[in-house]
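Notes follow once the structure below has been shown.
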Amino acid sequence: MTERTFRVWRGSGENGELTDYTVEVNEGEVVLDVLHRLQATQVPDLAVRWNCKAGKCGSCSVEINGMPRLSCMTRMSVFGPDETVTVTPMRTFPVVRDLVCDVSYNYEKAREIPAFTPDPKTSPGDFRMQQQDVERSQEFRKCIECFLCNNVCHVIRDHEENKEHFSGPRYLMRVAELEMHPEDTADRRQIAQDEFGMGYCNITKCCTEVCPEGIRITDNALIPLKERVADRKYDPLVWLGNTIGRRPKDTPIVPNTRRPAEEE
Amino acid sequence: MLTTLGLAAFVVYATARVFQQDHYWVGEYHYLTPFYSPCLAAQCVPEASLFGRIPVEFPPLVPYALLSLPILLLFRVTCYYYRKAYYRSIWQAPTACAVQEPHRTYTGETRPLMLGQNGHRYFFYLVVAITLINTWDMAVPFFHGTDGGFGVGLGNIIMFVNVLMLWAYTLGCHSCRHVMGGRLKSFGKHPVRYWLWSRISVLNSRHMLFGWLSIATLMTTDFYVSLMASGTITDLRLFN
């Protein structure tokens, strides 16, 4: 057993501050264990969101020494013996209290994406998918919705004004997943660029770096989606087709999912 | 910092060499540096111009490979890996993950100037043609040994490794991956394209590595050829 200094964000986003605590740490523990001990022994009102403690529920996303991470998957042994461990809430989302954020931005963006749209002439039992097609979207289905990727993305992390026009890596990946589904018939390429802000992404791969599930978000979802957008919007042959009247059918975003401008 | 230095070293070296208009051809073994391929100016040594010359004398500071160099440059500038590298290290958007960027506003690749990044695939198509030319440039010296006929020197090996790296970088391109099979909705219905896509994916996962290796081999090849062309060294011949 050793004692370590934890610097933890307390309070709301506007009126909060970093507070130092000296807390007991045992071998094999993770940051979330220490936060729980802190809660049990010193600050019973410390707000921490958590659930599975196994890196599968995506609840305990925080920033540890400035890096977005799951607190349940960050071992104490990765820090130096005298290193102060600073734990702050995710910076991109409004802080409710202490380490708990309001992540409703993500759910709003999720609702805007047109859902899986199979051919209406088919019924559920008709689909036969090959293993390689299953594997392709299976990678994206590993997502635990911890929102660390959306949190680290500088497009919205440093520019609040972009939140309205940018869905973040998590939901652009969802668009890519549906676009790669063999039984899906909708065309989300136009809205991926115009409504979900694919063009804002400058593929700097931070989303991939922080993903606790190891999903290659940039290489396997975002860049392929950018290429699909280029097929649709920046290909001269498609432009010619549009000009002479062979207009592809674009799928609009889900109706009534954006707040009217006056409520903003 | 290292990325910036690496990119800067390449840009400085390449700029100095392409504007030099000299030391690009070793007549004895038919070595041509990739920075002067295809050699188009009327001043080019006739044997160095494997694909013909434009009957115009290029004024000083105009690169002899006027056609290929801008395409190669734009291919690398619009490359998904290099974009990451220079957006981070030069443009500082962001400097590093979770580090606040210094810009007040950010529009990414949505403005007209940046929309050109979506043209990466067209540069890819053109670069495939240029890499074929580089491959030809690499093959020709094998048949110009010291006594004529087949011969192998250190220069041949350097050029061979360079072409290998150029292909590994070019074919591992994200646009190539998309064209080969990534654009499909169903892999199951297109087994050949799925196979191509999966092979390209192997190269693509090492795109950064091949990006840097190809820069290094390009500079090495050019430097070796320039040393020989200027008479500073002679080629180490392994066979004929």
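Below, chain A is the first sequence line, B the second, and so on; all start at residue 1.
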Residue, of [options], that accumulates the most heavy atom pairs under 4.5 Å with chain A:
| options | value |
| --- | --- |
| B/S201, B/G108, B/S186 | B/S186 |
| B/A85, B/A93, B/G182 | B/A93 |
| B/N204, B/N118, B/V179, B/V99 | B/N118 |
| B/R121, B/R183, B/R177 | B/R121 |
| B/K189, B/M114, B/K84, B/R104 | B/K84 |
| B/S198, B/S205, B/A98 | B/A98 |

Using a heavy-atom cutoff of under 4.5 Å, enumerate the residues of residues 206-213 of chain A that contact chain B, numbered in order, or state 'none'.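 So far as heavy atoms go, A/C206, A/E209 are the residues that approach chain B to under 4.5 Å.
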What I'd like to find out is whether the side chain of [X] reaches to under 4.5 Å of the side chain of [Y], using heavy atoms alone.
| X | Y | answer |
| --- | --- | --- |
| B/H178 | A/D231 | yes |
| A/R157 | B/E101 | no |
| B/Q100 | A/R91 | yes |
| A/R136 | B/F187 | yes |
| B/H103 | A/D158 | no |

How many angstroms lie between atom NE2 of B/H174 and atom CD1 of A/I203, to the nearest 0.5 angstrom? 7.5 Å
A/D219 and B/H207 side chains, donor-acceptor separation under 3.5 Å: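 Distance-only check fails for B/H207 and A/D219.
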We want to know whether A/E227 and B/H120 form a side-chain donor-acceptor pair, criterion being a heavy-atom distance below 3.5 angstrom.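 No, B/H120 and A/E227 have no side-chain donor paired with an acceptor closer than 3.5 Å.
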Below 4.5 Å from any heavy atom of chain A, which atoms of [X] appear? Answer side chain, backbone, both or neither.
| X | value |
| --- | --- |
| B/L115 | side chain |
| B/R111 | neither |
| B/Y122 | side chain |

What part of [X] gets closer than 4.5 Å to chain B, counting heavy atoms only: side chain, backbone, both or neither?
| X | answer |
| --- | --- |
| A/L225 | neither |
| A/C201 | backbone |
| A/H159 | side chain |
| A/N151 | neither |
| A/E161 | side chain |

If you count heavy-atom pairs under 4.5 Å between each of A/R216, A/K233, A/E63 and chain B, which one has the most?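 Counting heavy-atom pairs under 4.5 Å, the top option is A/R216.
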Walk me through whether B/K185 and A/D133 qualify under salt bridge (Lys or Arg N to Asp or Glu O under 4.0 Å). CA-CA 8 Å; B/K185 261 187 181 280; A/D133 290 318; over 6 Å; no
N/O donor-acceptor pair under 3.5 Å between B/R88 side chain and A/T204 backbone: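 Yes; judged by distance alone, with no hydrogens or angles, the pair exists.
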Quick one: sort the B/Y106 and A/H154 rings into parallel, tilted or perpendicular, breaks at 30° and 60°. perpendicular
